Number of protein chains: 2
Amino acid sequence: MAAVTLQDVAMRAGVSQATASRVLNGSNRVPGEGVADRVRTAARELGYVPNAQAQALARASTGLLGLIVHDIADPYFSSIARGVQAAARAARKQVLLAGTDRDFDIEREAVSTFIAHRADAIVLAGSRQSGDLDRELEAEFGRYRANGGRVVVIGQPLAFGGAVEPENHFASAELADALVAAGHRQFAVIGGPGNIRTSVDRRNGFVEALGRHGLTPLVEVSGDFDRDGGHSAARRLAAALELQPGAAAPPVCVFAVTDVMAIGAIAAWRELGLSVPRDICVAGFDDIPTLRDHTPSLTTVVLPLEEIGSRAVDLALRNHDDADDLRERIPGRIVLRDSTKLS
Amino acid sequence: MAAVTLQDVAMRAGVSQATASRVLNGSNRVPGEGVADRVRTAARELGYVPNAQAQALARASTGLLGLIVHDIADPYFSSIARGVQAAARAARKQVLLAGTDRDFDIEREAVSTFIAHRADAIVLAGSRQSGDLDRELEAEFGRYRANGGRVVVIGQPLAFGGAVEPENHFASAELADALVAAGHRQFAVIGGPGNIRTSVDRRNGFVEALGRHGLTPLVEVSGDFDRDGGHSAARRLAAALELQPGAAAPPVCVFAVTDVMAIGAIAAWRELGLSVPRDICVAGFDDIPTLRDHTPSLTTVVLPLEEIGSRAVDLALRNHDDADDLRERIPGRIVLRDSTKLS
DNA sequence: CTGAAAGCGCTTACAG
DNA sequence: CTGAAAGCGCTTACAG
């Protein structure tokens with residue numbers, strides 16, 4: 001990596017390294033025009049590319065922003081990542097990406113590495129149950145923040161730092177209300193893992209709202225937080241409900257806590273010969289872009305995923321004079337579509 | 001960012017900075033046991049986190065791997081990114097992520113920044129027309145490589161470096177063959193932008209294979225390389241073909257050069273009252289995971305997206321003794337599903 | 001406006 | 001086995 005050095009540029013331009021440095025990055029003081037030109041020319045001719053590592057060491061900040069997600073191939077996270085990416089670019093930061101596969105050890109490792117790289121901020125998009133932030137992670141974040149690092153979480157509680165929180169609980173309740181208003185009376189739930197905050201909030205919000213209408217889910221099952229989790233949970237649900245193709249009664253309305261799980265569920269039911277919304281209805285959550293063209297169209301709660309990502313970056317980069325701990329709540333918008341349509 | 005320093009650790013352990021350094025990262029020479037213990041204890045007590053920037057400066061490499069994609073929210077790229085991520089983790093590299101929105105200026109900027117950060121390798125996943133790699137980019141890559149940087153491209157030609165190339169041309173030809181074998185005789189094509197290599201290869205492979213069967217597409221239209229591009233192209237196609245719901249004749253079979261475009265097309269046709277595969281058939285390319293549960297199920301060419309990503313990383317990190325320029329061809333696998341089923 | 005010099009936090013020959 | 005010292009490539013007070 002013996003690239004062209006600032007010193008090389010300075011020599012060729014016949015100035016000191018200090019001057020070359022000042023010319024090449026916007027120090028306010030503009031040097032004599034001739035000088036600046038010579039330096040810039042020399043830099044161009046030599047193909048000089050500043051060494052960001054050295055700059056980082058000499059300055060205070062690295063210009064790095066760490067993003068931690070469960071799985072970048074999951075459309076929920078990739079949409080968020082897109083927003084993070086865009087906002088980071090606007091702020092001239094580089095994104096360091098890590099995927100954890102929902103493994104807390106890997107997550108802790110990612111945090112350590114980001115801290116080692118002295119990222120200016122870390123955005124943690126994986127969600128977990130409250131209080132579950134282990135001591136070790138918490139201690140590291142503490143030191144990190146003490147040294148000027150910023151941390152922002154998406155969709156999970158944290159005793160400190162910034163947070164952008166989709167209103168999972170509230171929006172799920174609204175969804176339940178809308179479904180009841182649409183005429184549904186029999187419900188079931190496909191939940192996610194019990195240690196994922198987002199999953200639990202959505203389930204609770206929904207079930208509590210049902211309770212206010214004097215209703216209770218007939219069955220609750222749960223599975224992994226992905227397509228296959230929804231698929232297998234849906235099979236169990238069908239068995240528990242003794243669902244039959246073409247049965248007479250009004251269909252049960254299932255709330256799957258994510259769109260991706262809902263899609264897996266529909267696929268499972270289709271394999272059983274059950275049709276949505278005729279034999280069974282289902283609503284999801286997230287409004288995943290790639291899934292918008294699904295048939296039947298999916299009733300869901302629209303979350304502005306990209307915006308969530310960019311807001312997280314904004315929070316992370318905001319000056320934190322006094323109010324250091326900022327939370328931004330992101331409301332969801334209910335959209336009723338074919339998958340819950342009563343005939 | 002005044003974090004704990006190696007010096008701090010050394011002092012507390014009562015050893016020199018050099019010794020502390022040797023203990024804390026696996027220098028082969030094992031110091032006296034007592035010493036090592038003291039250093040490690042001091043590091044733990046102080047919460048020492050090595051400064052990767054400083055290490056990078058002192059060593060040769062940064063441990064950074066740059067990944068450039070068009071759009072991380074596009075499932076094609078997010079699947080690749082997942083593979084890159086996994087392979088990078090296995091190689092203990094950190095992923096630097098950039099999205100270009102298909103803007104070549106932004107792409108060039110991303111490359112510069114990655115080089116400035118002295119990434120050990122750069123994986124370029126955006127695809128473009130051959131020869132279109134502009135001078136400036138080429139020059140930068142040249143210097144980068146001269147300084148030890150590795151570059152690997154996915155799905156595009158490059159005069160140097162490594163490349164992993166999905167066999168777009170060949171697989172599309174196979175798809176055409178399979179469709180003809182299934183009984184299709186009338187074809188049309190929904191292509192992508194003319195400056196995207198992947199798009200052009202797929203279209204050409206398909207059309208050339210048709211030619212070998214003495215067939216020619218009735219119509220060709222094209223659109224942006226995304227869902228909306230497929231959607232609008234499909235409308236134009238329907239108009240050109242004067243498609244009517246419930247028409248008698250055997251349906252035209254459309255090849256959309258990506259699954260995502262195919263999905264957009266199906267949505268457009270549905271809006272027009274046309275049904276797939278009854279009124280019109282369609283095949284895609286990629287086998288996007290999230291789309292596997294689509295109805296009708298989509299005939300497509302399966303590409304091992306994650307593997308493509310991890311192979312790219314392997315290539316980038318491989319020792320390049322003599323054979324510096326490596327290419328890996330990735331075959332596609334044809335899967336006929338409902339969307340091209342003839343009744 | 002410009003330059004000499006110290007310093008950012010590590011690693012690594014080179015001696016001992 | 002261990003330490004003193006130079007060096008990685010920049011930035012930035014501090015003088016001039």
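Computed from a prediction, not measured in an experiment: that's the story for all the values here. The figures here come from the full heavy-atom set of this structure, side chains too, leaving out hydrogens, waters and symmetry mates. Each chain gets a letter, A, B and so on, in the order the sequences are listed, and its residues count up from 1.
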Trainee: Without decimals, in angstroms, what is the distance between B:Arg38 CZ and D:dC1 C1'?
Mentor: 13 Å

Trainee: For residues 85-97 of chain A, dump all side-chain donor-acceptor pairs below 3.5 Å to protein atoms at least two apart in sequence or in another chain.
Mentor:
unit_1: A:Arg89; atom_1: NH1; unit_2: B:Glu109; atom_2: OE2; d: 3.1
unit_1: A:Lys93; atom_1: NZ; unit_2: A:Asp120; atom_2: OD2; d: 3.1

Trainee: Please report the distance separating the P of C:dC1 from the corresponding atom of C:dA5, rounded so that it comes out in whole Å.
Mentor: 23 Å

Trainee: Using a 4.0 Å heavy-atom cut-off, write out nucleotides 10-16 of chain C from 5' to 3' as B (base contacted by protein), S (sugar-phosphate only) or - (no contact).
Mentor: BBBB---

Trainee: Would you indicate, yes or no, if D:dA4 has its OP1 or OP2 atom less than 4.0 angstrom from a side-chain nitrogen or oxygen of B:Ser16?
Mentor: no

Trainee: Taking CG from B:Leu24 and P from C:dG9, how many angstroms apart are they, rounded to a whole number?
Mentor: 16 Å

Trainee: Under 3.5 Å, side-chain donor or acceptor atoms of residues 99-106 of chain A against the rest of the protein: list the pairs with distances, not counting sequence neighbours.
Mentor:
unit_1: A:Thr100; atom_1: OG1; unit_2: A:Arg102; atom_2: N; d: 3.1
unit_1: A:Asp101; atom_1: OD1; unit_2: B:Arg82; atom_2: NH2; d: 2.9
unit_1: A:Arg102; atom_1: NE; unit_2: A:His70; atom_2: ND1; d: 3.4
unit_1: A:Asp103; atom_1: OD1; unit_2: A:Asp105; atom_2: N; d: 2.7
unit_1: A:Asp103; atom_1: OD1; unit_2: A:Ile106; atom_2: N; d: 3.2
unit_1: A:Asp105; atom_1: OD1; unit_2: A:Arg108; atom_2: NH1; d: 3.3

Trainee: Take atom P in D:dA13 and the same atom in D:dG9, then report the distance between them in whole Å.
Mentor: 23 Å

Trainee: Taking side chain to side chain contact (heavy atoms under 4.5 Å, CB included) as the test, write out the residues that go with B:Leu57, two or more places apart.
Mentor: A:Asn51, A:Ala54, A:Leu57

Trainee: Write out the stems for DNA chain D, ordered by first number and formatted as range with range, counting runs of at least 3 consecutive Watson-Crick or G-U wobble pairs under 3.5 Å.
Mentor: C:1-3 with D:14-16, C:5-12 with D:5-12, C:14-16 with D:1-3

Trainee: Looking at residues at least two apart in the chain, or sitting in another chain, which of them share a side chain to side chain donor-acceptor pair (under 3.5 Å) with B:Gln17?
Mentor: none

Trainee: Answer yes or no: is there a side-chain heavy-atom contact under 4.5 Å between A:His117 and B:Gln53?
Mentor: yes

Trainee: What is the separation between atom CG on B:Leu57 and atom P on D:dA6, rounded to the nearest whole Å?
Mentor: 17 Å

Trainee: Mind checking side chain to side chain contact (heavy atoms under 4.5 Å, CB included) for B:Ala110 and listing every partner two or more places apart, or none if nothing turns up?
Mentor: B:Ile68, B:Ala98

Trainee: Taking side chain to side chain contact (heavy atoms under 4.5 Å, CB included) as the test, write out the residues that go with B:Arg59, two or more places apart.
Mentor: B:Asn25, B:Gln55

Trainee: How would you list, by chain and number, every residue that makes a side chain to side chain contact (heavy atoms under 4.5 Å, CB included) with B:Ala13, sequence neighbours excluded?
Mentor: B:Val15, B:Arg38, B:Val39, B:Ala42

